[in-house]
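In what follows, every heavy atom counts, from backbone to side chain, and hydrogens, waters and symmetry copies are set aside. To find a chain, count down the sequence lines: A is the first, B the second, and so on, and within it residues start at 1.
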There are 2 protein chains.
Amino acid sequence: MTDKRAGAKAHSIATEVRRRIVERRWRQGERIPDEAELAIEFDAARATVNKALQMLADEGLLDRRRRAGTRIAIDPVRKASFSIGIVREQVEQAGLVYGHRVVAHRLSPAPAGIAACLGLPVGEKLVRMRAVHYGDGTPFQLEDRWINLRAVPDLDPASLRRLNVNEWLVRNAPYLHAELAFSAENANRRDARLLQVRHGQALLIQQRTTWNDLGPITTVRVAFRPGHRVSTDGRAAEAD
Amino acid sequence: MTDKRAGAKAHSIATEVRRRIVERRWRQGERIPDEAELAIEFDAARATVNKALQMLADEGLLDRRRRAGTRIAIDPVRKASFSIGIVREQVEQAGLVYGHRVVAHRLSPAPAGIAACLGLPVGEKLVRMRAVHYGDGTPFQLEDRWINLRAVPDLDPASLRRLNVNEWLVRNAPYLHAELAFSAENANRRDARLLQVRHGQALLIQQRTTWNDLGPITTVRVAFRPGHRVSTDGRAAEAD
DNA sequence: ATCGTGCTTATGTCTAGACATATTTTTTCT
DNA sequence: AGAAAAAATATGTCTAGACATAAGCACGAT
């Protein structure tokens, strides 16, 4: 075992097991030695081995079932994760000067599509607002948002004009559950105008909906400027 | 504590702490009681509390630092995760009959863009192949793939014509590291023809590159059929 | 053969205690 | 006062042992 000084023990066991899988010393569908045996081999407690194997199972590399043992996943369904945070930070991290403009905001009844997203009755009064986020003066992304005031009683509708709602919500309305989907759309006339691109341009769209204990909080359609790529956090999950 | 019979103890502690955050009983930036105190409150061992808090830190809700203690993240950067598996399964899961056609495959030198993706010298001989995946006879997604044979010595280039490479690779070439990015592009002439859509149609593009211990394995550009949405696994990570 | 019944086994999870490590805080020395 | 050294403390991680639980397996009765 290449016990590198850096890593914790569980981590280094995971790395070693991962290597054995990738090097096909242990093959797809095969059963691997049980926790107790691995504990002896790696000179660790069973709990430590368990932790390592759990990590790999979360990654999708292993299938584990009680009594049946641990086997290498036949077709590993691996996971990739994305961060969703504050737009301003993304812009600034790209080395650009952040700007923000509220284009419209008003109270209006939920149309069918939005109501379905949120699980609220059609016609429910929601705050709708559109804003553009800029990087170095050029449009970075466009957000079209519907907010359920019932789920965020602290939000003062009067302050919406000035507020960066994205930031306010992230900081003041943590959510319990979120759904997120990517798709692509041709820029409609409004998108084109606000993002300053030509009509029909392909836009990456992120639709995001969040809930807390009071119900749905908000659903947003975010349109990124052309050429923008949303990529996985290059963080750990796979190491070395 | 609403100790629901279903959950494990660590899980139920996590749920309770999450509730306190969402209900703003513990506010952003505030420090929460330390593990030892929570262990007493929840009548659990410290290791169990630790596990629960780790989960929340992974979710992005908590910031933890040695000695400094645990505090609620000021701007929670939450994570969303996507599964990447076998195309056929996605198609079948959508209730469609799967079909697959290899459009082209040949050995050719890597152009600059691809070489950069893979970290190989320009001109390196790679297998390039394009294939269309169908659902109920209509194009579902289009893959344009470059394969580094050095990283998958088991792959027989002669069999490529018949093979479903996506499936073969997933099963036979598990990777150590992957990068994945979404973007949007207007369909070029070739995309339009193969996906049977009109030229200029907005397409959701997923660019994916994987590595194992022998180096880069493959990089793929996947173009989804219009209207397709790639969404988060509605799985756990946030519960109840 | 077929269907239960109960034994066995591998993982799931928890516990209590220990030591490691990063920081902060305090003390001590210049 | 300011810098360096020492103490304190919260999290990080491991260990050994325990019990819970799902699921395979064998045995026996029909």
Side-chain angles (χ1 to χ4, degrees), chain A residues 1-17 20-21 26 29-74 235-237 239-240, chain B residues 1 3-17 21 26 29-74 235-237 239-240:
Chain A
M1 183 170 62
T2 334
D3 199 342
K4 29 179 241 180
R5 203 73 343 262
K9 202 158 183 179
H11 195 280
S12 85
I13 292 174
T15 300
E16 173 60 18
V17 171
R20 291 185 190 176
I21 296 171
W26 288 341
E30 247 175 45
R31 208 177 133 188
I32 72 173
D34 66 41
E35 293 184 348
E37 287 176 65
L38 291 176
I40 294 167
E41 182 192 336
F42 291 117
D43 187 35
R46 191 170 76 87
T48 308
V49 173
N50 180 280
K51 196 174 171 185
L53 298 186
Q54 290 262 8
M55 290 171 56
L56 299 181
D58 288 345
E59 269 176 43
L61 266 182
L62 297 178
D63 265 347
R64 324 192 68 205
R65 284 198 356 261
R66 270 186 175 138
R67 158 73 213 197
T70 298
R71 40 188 76 239
I72 316 295
I74 321 95
R235 50 157 200 133
D240 187 299
Chain B
M1 182 169 64
D3 197 343
K4 27 179 244 178
R5 201 78 337 266
K9 203 157 181 177
H11 194 281
S12 86
I13 292 175
T15 300
E16 172 61 19
V17 171
I21 295 170
W26 287 341
E30 247 176 45
R31 207 176 135 190
I32 73 173
D34 65 43
E35 294 184 348
E37 286 175 67
L38 291 176
I40 295 168
E41 182 192 337
F42 291 116
D43 187 35
R46 190 169 78 84
T48 307
V49 173
N50 180 282
K51 195 174 173 186
L53 297 186
Q54 292 261 10
M55 290 171 57
L56 298 181
D58 287 346
E59 270 177 41
L61 266 181
L62 296 179
D63 265 347
R64 324 191 67 204
R65 283 198 356 262
R66 271 187 174 137
R67 158 74 213 202
T70 299
R71 40 188 74 239
I72 316 296
I74 320 94
R235 46 153 205 137
D240 183 284

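Judged by distance alone, with hydrogens and angles left aside, the side-chain atoms of B:Thr48 form no donor-acceptor pair with the main-chain N or O of B:Ala44 at under 3.5 Å.
If you take CZ of A:Arg31 and P of D:dA23, they are 14 Å apart, rounded to a whole angstrom. Rounded to whole angstrom, the span from the CZ atom of B:Arg65 across to the P atom of D:dT9 amounts to 18 Å. The CD-C1' distance, from B:Gln54 to D:dT13, rounds to 9 Å in whole Å. Put simply, CG on B:Leu62 is 17 Å from P on D:dA10, counting in whole angstrom units. One interatomic measurement links the two molecules: CE of A:Met55 to C1' of C:dT11, which rounds to 18 Å at whole-angstrom precision. Atom CD in A:Glu35 sits roughly 13 Å away from atom P in D:dT15 (whole-Å rounding). C:dG12 atom P lies 12 Å from atom CG of A:Leu56, rounded to whole Å. For the pair A:Asn50 CG and D:dA20 P, the interatomic distance rounds to 18 Å; values are reported in whole Å.
Among the heavy atoms of the strands, none lies under 4.0 Å from A:Asp63. Backbone-only contact: A:Ala44 has heavy atoms under 4.0 Å from sugar-phosphate atoms and none from a base. At a threshold of 4.0 angstrom between heavy atoms, the contacts of B:Ala10 are confined to the sugar-phosphate backbone, with no base atom among them.
Within the model, atoms CE of B:Met55 and CG of B:Leu61 stand 11.0 Å from one another, a figure rounded to the nearest 0.5 Å. Summarising the geometry, atom CG belonging to A:Leu62 is positioned 8.5 Å from atom CD belonging to A:Glu59; distances are rounded to the nearest 0.5 Å.
When all heavy atoms of B:Ala52 and B:Ala10 are compared, the pair lying nearest together is CB-O, 3.3 Å.
Looking at A:Ile32 and A:Leu53, their side chains come closer than 4.5 Å, going by heavy atoms from C-beta outward.
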Tell me which donor-acceptor pairs under 3.5 Å the side chains of residues 65-73 of chain A have, and how far apart each pair is, sequence neighbours excluded?
residue, atom, partner, partner atom, Å
A:Thr70, OG1, A:Arg64, NE, 3.1
A:Thr70, OG1, A:Arg64, NH2, 3.3
A:Arg71, NH1, A:Gly29, O, 2.8

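Using a 4.0 Å cut-off, some side-chain N or O of A:Thr70 falls inside it from OP1 or OP2 of C:dT11. The phosphate of C:dG12 has neither OP1 nor OP2 within less than 4.0 Å of any side-chain N or O from B:Lys9.
Checked by distance alone, B:Arg66 brings a side-chain donor or acceptor within 3.5 Å of a matching partner on the base of C:dT21.
Sequence neighbours left out, the pairs with a member in residues 43-56 of chain B that pass salt bridge (charged side-chain N to carboxylate O under 4.0 Å, His left out) are B:Glu35-B:Arg46.
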Using a cut-off of under 3.5 Å, enumerate the N/O to N/O pairs linking the protein to nucleotides 6-8 of chain D.
residue, atom, partner, partner atom, Å
D:dA8, N3, B:Arg67, NH1, 3.4

Atom pairs, N/O to N/O, protein against nucleotides 17-19 of chain D, distance under 3.5 Å?
residue, atom, partner, partner atom, Å
D:dA18, N6, A:Arg46, NH2, 3.2

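Residues forming a salt bridge (charged side-chain N to carboxylate O under 4.0 Å, His left out) with B:Glu37 (at least two apart in sequence, or on another chain): none. Every residue two or more places apart in sequence or in another chain that forms a side-chain contact (heavy atoms from CB on, under 4.5 Å) with A:Arg20 is listed here: A:Glu16, A:Arg25, A:Trp26, A:Glu41, A:Phe42.
Between B:Ala45 and A:Asp34, the residue whose closest nucleotide on DNA chain C is further toward the 5' end is A:Asp34. With the nearest nucleotide of DNA chain D identified for both B:Ala36 and A:Thr48, B:Ala36 has the one nearer the 5' end.
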Passes side chain to side chain contact (heavy atoms under 4.5 Å, CB included), A:Ile21 versus A:Val17? Steps please.
CA-CA 6 Å; A:Ile21 296 171; A:Val17 171; 4.1 Å; yes

